[in-house]
Every structure is written in structure tokens, then in C-alpha cells.
Amino acid sequence: MSDEDMYDDEEFEFEYTDEDDEEQDVDVENQYYGAKGSLDSNAEEALRGFNEVIRMQGEPCEWGFKALKHIVRIHFRKKQYEELRKRYAEMLSYIQSAVTRNYSEKTINKILDEVSTADNVDLLQALYTMTLQALKEARNERLWFKTNLKLCKLWFDAEEYNRMQKILRELHKSCTTEDGSDDPRKGTQLLEIYALEIQMYTMLRDTKKLKQLYNRALAIQSAIPHPRIMGVIRECGGKMNMREREWQKAHTDFFEAFKNYDEAGHPRRIQSLKYLVLANMLMQSDINPFDSQEAKPYKNHPEIVVMTNLVQSYMSNDISQFEKIIRDNNDLIMNDSFVRNYIEDLLRNIRTQTLKEIIQPYTRIRLSSLAQKVNISVDEVEELLVLLILDKEIDGRIDQVGGLFYADNTSGSSARFQAVLDWTESTQKMADDLLARLR
């Protein structure tokens, strides 16, 4: 973030004023703008100037609040976190009387968003706690809710799920009716809460609780949520269905997640598209996921090109090319723990399809030959053949001693012969019955 972006806040400079502003001492105002003008060139001089504003103002006023805002940001940039805490607490003391609610809310949000980029959990916890206390006193429920969401996200990132659950209970309480049910008027807030809960239970692998929350979230109709929120909910739903091997449902969820992230301009759209491709292969669909209008623009994205090549080799049962793509792109594919969990399933699918094609013209074939063709051990070939026989996808038997697979290619003819025989016997029985009645 550039200095210009960081301090460009004068869009609120003249919007949030009241009658007292007209009587502000001109010297204080000039001092503020003088200090602000030094921000880009000399932060230390600007800091001294803003502190002078605080000294000159007398009673807390808007100029003091604005000066403290910049003081907090300067201390953050200089990583002077202890001083930052003190001056931030001082700034919060202004929100009940010195500035309007809207201006204070936007300023606090900006500062918290900026400070959240720091890898300092203790600092963030301290700032969030101070903010929540000040907002409770100021009775600003909207910003109280948003700040609690930020704190909840902090504990989620730190994997502090017990602390997270405590905050979630408070948030839920603020969105319920007197009988304890969800307040339909607060659908948007409820979806934000559910999105965090669903992420938490996804990490905890609590499928039962996850499914309950997921269904509740999708049942909410009285909301206009940010598409990022629905992207999060749908992505977690897809992961839940993948764990239950519900490939079709997972495919639908990942597609919805991708569309929502895409609408929000969120980078997780690429991740969701990768998961969509994964589900598409696992459900053994003949439809190329990149034929859809929404996915086509990302077909040439570096990460997606790899997945596209993977799909092509998978659909053509080219096991050598499939394995080569995985080896050559290990960082992009295997470093994603979620994708890695299902690579073995994909390999099993493509190997079984390849085995079926290889044995089709043979009445018998050596297991060692099959192992060589699909690049696995003889024991693994036996295991796959057993599964294919049990699933009635092939007919045959395995000779472990001789190391051979014998295909039963007569099963189709035998079935047709048996059907003709059954029909002949049935016809003869009807004829016998008829003759018996005539006698």
C-alpha cells in the first residue's frame, strides 16, 4: 500500500461536520493540515505536528480525532506497537462525542483492516478488545458485530477454535428472536456467522455439525450476502461432499463457489475451479468443465492449464501422460493437501479403465504384463482386477499360481442361450396346459 493510498482520507473531511466545527480554532486546523502535508516527506515531523494538534485543541474535537488516526498509522508503520496501543485507546475515547458515528466507524474499520496485515496476534487481540469495549459503551451494534467477526477470523487463523466458539455464541445471540430462533430480518449477518462456523467445522472435520450448518445457511432466503460469503459456504460444502464421496454434489458446490468468488473478484476462484475439475474427474463425467461459459476465460491461467492437461489425459485414459503431469507439476498439484487426498482415487479410476481396455481382446493375459502397462506392481493389479470382478465390470478369474488372468468372454453368449432356453420351456408349458384343458 502506498503512502498516498494509506493517508488519502479527506473524502470525509467536510462531510462529517457539525455546527461546532465552524467555531474550531483556525490555528488548530492549520496545524493539522501542516502536519498532514509532511506525511509523505517526513513522518517524524508529521508525528510531532499531529501531537501538537492534540495539545492545541483543548476539548477533544474532530481535528484531534483525525490527528490521532494518523498518529496510530505512523506508529504501525514504524512497528512501535506499544505506543500504537496507547494512542489507539486515546482515539477511541473520542467516538462518543467528538465525531459522528459514521466517520468514526469508517476510520476504525480502516485502521483495523490495515493493522490486520501485521503478523502479531497479541497486538490484534488487544486492539479488537479495546474496540469492542468502546463500542459497547457507545452502543454501536453494527461496528460491534463487524469487529467481532474480525476477532473471530483472527482466532480461526490461529486455530484457536475454543475462543472462536465463544465469540460465535455471542454473535448468534445478537441475531436471534426472543424464542431463540434465527431472526429472519438479520439474514445477511447470519450468513456471515455461518460462513465462519462452516470454515471452523470443516477444519475440525465434524461432518455432522457441518452438514447442519450448511443446510441452515442455504435455507436463508431473506439475505443479500456478499458473494465472497456464499463462495466460502459453497466451497466448504463441496469439501464436505467430497469427504462423503458425493462427487456430483461436490461438483455443484464447487461450481457455485467459483461463480461467487468470480463475481467478488476473489483469488479463491482459481482454487475453486481446480476443485471443480477434481470433482468432475472423480465423477467420471464425459463433459469438459472448461466448456462452461464461466470457466472458459480462465482456461489459460497457469494453474488451470495444468488441470486442463490433467483432464485431457484422464478422459483419454492416458495413464503415462497423467502421471507425468503430476510429476512435472508437483508444486501446483501435490502441495495442495485437499487435492492430494484424492489423487490416489483418480489414479485408481484411470488404472481400472486402462485395465478394462487392455484385457478386452484377450482370453488370457499375464499379470506381469498388465502391471507393466499400467506402471504398478503385480499385487496392485490383482487388487484392481478383484474389484472389477466384484463390481461385475469384467468377467474372469485370476490364477495367482500361474500369474495369469483368464477372461470369460462367453458370458454374454451363455446369458442369451439361457434366455432362449427359459422362453422355450415357458412356451412348452403353456402348450401342455392348453392340451390338458381340451381333453
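Just so you know, these numbers use all the heavy atoms, side chains as well, and skip hydrogens, waters and symmetry mates. Because the structure is a prediction, the values reported are computed rather than measured.
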Flag, side chain of [X] to backbone of [Y], donor-acceptor distance under 3.5 Å:
X: Gln199; Y: Ala195; answer: yes
X: Asp262; Y: Phe258; answer: no
X: Gln125; Y: Asp122; answer: no
X: Asn341; Y: Ser337; answer: yes
X: Lys146; Y: Glu105; answer: no

(request) Would you indicate whether Lys150, at its atom NZ, is surrounded by more than 12 heavy atoms from other residues, nucleotides or ligands within a distance under 6.0 Å? (result) yes
(message) Does atom CG (Leu390) have a neighbourhood of more than 12 heavy atoms from anything else shown, all under 6.0 Å?
(response) yes
Can we say [X] and [Y] salt-bridge, meaning some charged N sits less than 4.0 Å from an Asp/Glu carboxylate O?
X: Lys66; Y: Glu62; result: yes
X: Asp345; Y: Arg245; result: yes
X: Glu197; Y: Lys209; result: no
X: Asp253; Y: Lys239; result: no

(message) Using 0.5 Å steps for rounding, measure from the OG atom of Ser316 to the CD atom of Gln353.
(response) 12.0 Å
(request) Any chance you could measure Met240, atom CE, to Lys208, atom NZ, to the nearest 0.5 Å? (result) 14.5 Å
(request) Check ring pair (Phe, Tyr, Trp, His ring centres under 6.0 Å) between His172 and all other residues, then give those that pass, not counting sequence neighbours. (result) Tyr194
(message) I'd like to check the ring pair (Phe, Tyr, Trp, His ring centres under 6.0 Å) partners of Tyr314; sequence neighbours left out, ordered by chain and number.
(response) Phe322
(message) Could you go through Ile394 and Phe405, starting from their C-alpha distance and side-chain angles, then the distance that decides it, and tell me whether this counts as side-chain contact (heavy atoms from CB on, under 4.5 Å)?
(response) CA-CA 11 Å; Ile394 60 172; Phe405 171 75; 3.8 Å; yes
(request) Report the relative orientation of the aromatic rings in Phe338 and Phe254; use parallel for angles under 30°, tilted for 30 to 60°, perpendicular for over 60°. (result) perpendicular
(request) Can you label the angle between the Tyr32 ring and the His70 ring as parallel, tilted or perpendicular, going by 30° and 60°? (result) tilted
(message) Distance to the ring centre below 6.0 angstrom and angle to the axis at most 45 degrees; does that hold for Arg397 and Tyr406?
(response) yes
(message) If only side-chain N and O atoms count, and only distance matters, is there a donor-acceptor pair under 3.5 Å linking Gln271 with Tyr275?
(response) yes
(message) One pair to check against salt bridge (Lys or Arg N to Asp or Glu O under 4.0 Å): Arg87 and Glu90. What are the steps and the verdict?
(response) CA-CA 5 Å; Arg87 304 316 293 270; Glu90 186 179 347; 2.9 Å; yes
